[in-house]
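In what follows, a structure is listed as structure tokens, so that the remarks can point back to it.
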Amino acid sequence: MRKSRLRVTGVSAAALAATGTLLTYSLSAPPAAAETAAPGDNPYAGSQLYVNPDWSAAATQGGGAAIADTPTAVWLDSIGAITSGSDGSNNMGLREHMDEALAQGADAIQIVTYNLPGRDCAALASRGELGPTEIDRYKTEFIDAIDTIIDDPAYESLKVINIVEIDSLPNLITNVGGRETATPECDVMKANGNYVKGVGYNLGTLGDNGNVYNYIDIGHHGWIGWDDNFQATADLLYEAANAEGASPEDVTGFAANTANYGATVEPYFSIDDRAADGPIREGHSSWVDWNRYVDEQSFAQAFVTQAATSAGFPSGMGAIIDTSRNGWGGADRPSGPGDISGPGEDYVNDSRTDRRIHLGNWCNQSGAGLGERPTASPATSIHAYAWIKPPGESDGASEEIPDDDKGFDRMCDPTYEGNARNQYNMSGALDGAPTSGHWFQAQFEELIANANPSVS
Ligand code: BGC
């Protein structure tokens, strides 16, 4: 469902001339209005994206002047963030961002809506302010408040790209039920339906505005890329896209790798490779481990063209990939494939550019670098490479911080030996990290040093 953007504008001379009839009014869209979002539209194509001055200032101060004019997303991670900025380095509210976007002459602004009841049910680092049952507050105090701002006619020329509730629906696939990876909190959110209802209300309410483009989060290849998770995720997304007033037409596409570290494209090996001991996919590489994908782009393309359409979404949708921290340049980057005539385990480990200890590691990863700069339409079915997680903002504190508003997740502690979700590997996190969302200078410096493409 969409609100009509048609306005009565008075007598149109062209219409009069064309029909020869006396018309008392004609209907036409206001001249500067952003085009109405429709399935298949790519809001990034030809668009100048908004640069968040809060992040730019932090990046410049942190020694990143060369990349400080890169567009990054505005995170709405609490009710307070709508008026006074998100956790960490952001001070501006949504209205100020929208005004500033107009002042920049931007065509589009990227926002992340991230405040579901019982948020972050499988981790602690981004636990939110709303309890598991507070769906009504989510609707009225969060989504309706954002909608009121976006609905202001002053902003109708601005496309609003909405990345919807990262990690939430994927958590309901992998971290529930009898699985070893289950958490009691995710079981609660699955049983009470409030993630599905919240995402549906978000999509339907904001998507009613003709200038809003919704992308639903699909985790990343190292999470949803296994057969057990892939179609089930698309089916759950489709359920949410039909809940609480939403319809699949409210959805422009899907967001992969948000705030994660998966390589966009692994250049030196592919899923079909066969090493000396057999196919790398089929038990001959603990890194690949029966996953269908080795990188984000192949995963996202398959999600759009196969899983989403099988679930019932229209064909011709798109995906975006968060490339803010998945460059993996620097000294440890391999310069070519490993030895395919040796064991698959060594071949993959010597070929992969993603240098994480395990694909399930997600917090402040050591060795990471900035990835591709934002680019529209870089590949089939990919609407954009986009910087959704602002580089330099922490994923979580590396040790317990007294009176922290969020929790301490040991996946952010470099001494932690892991859990079922990273198959009991070391966390790979950097030491000295502040609470999620707060500025982490040492990580920012490493991201610049290991950038690929490099920062000149
Ligand atoms: C945090 C948010 C923050 C976002 C962007 C998340 O991990 O929980 O508070 O706004 O990252 O840095």
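The shown structure was predicted, so the numbers you read here are calculated from the model rather than taken from an experiment. What's counted below: heavy atoms across the whole structure, side chains too, no hydrogens, waters or symmetry copies. We count ligands from 1, going down the list as the structure has it; atoms in each ligand are counted the same way.
Listed by number with element, the atoms of ligand 1 under 4.0 Å from a non-hydrogen atom of K406 are 1 (C), 2 (C), 8 (O), 9 (O). Close approach of ligand 1 to G437 is summarised as follows: ligand atoms under 4.0 Å from at least one heavy atom of the residue are 3 (C), 12 (O). Listed by atom number, the atoms of ligand 1 under 4.0 Å from S436 heavy atoms are 1 (C), 7 (O), 8 (O). Those atoms of ligand 1 that come under 4.0 Å of a heavy atom in S126, given as number and element, are 1 (C), 6 (C), 7 (O), 8 (O).
Considering E266, R352, R356 in turn, R356 is the only one that fulfils the side-chain contact (heavy atoms from CB on, under 4.5 Å) rule with W328.
Side chains of D295 and S298: a donor on one and an acceptor on the other come within 3.5 Å.
Salt-bridge check for E244 with K139: passed, with a basic side-chain N closer than 4.0 Å to an acidic carboxylate O.
Distances between N or O atoms of Y114 and those of ligand 1 include no value under 3.5 Å.
The aromatic rings of Y50 and H97 stand perpendicular to each other, their planes meeting at an angle above 60°, with 30° marking the opposite boundary.
Judged by distance alone, with hydrogens and angles left aside, the side-chain atoms of R421 form a donor-acceptor pair with the main-chain N or O of T181 at under 3.5 Å.
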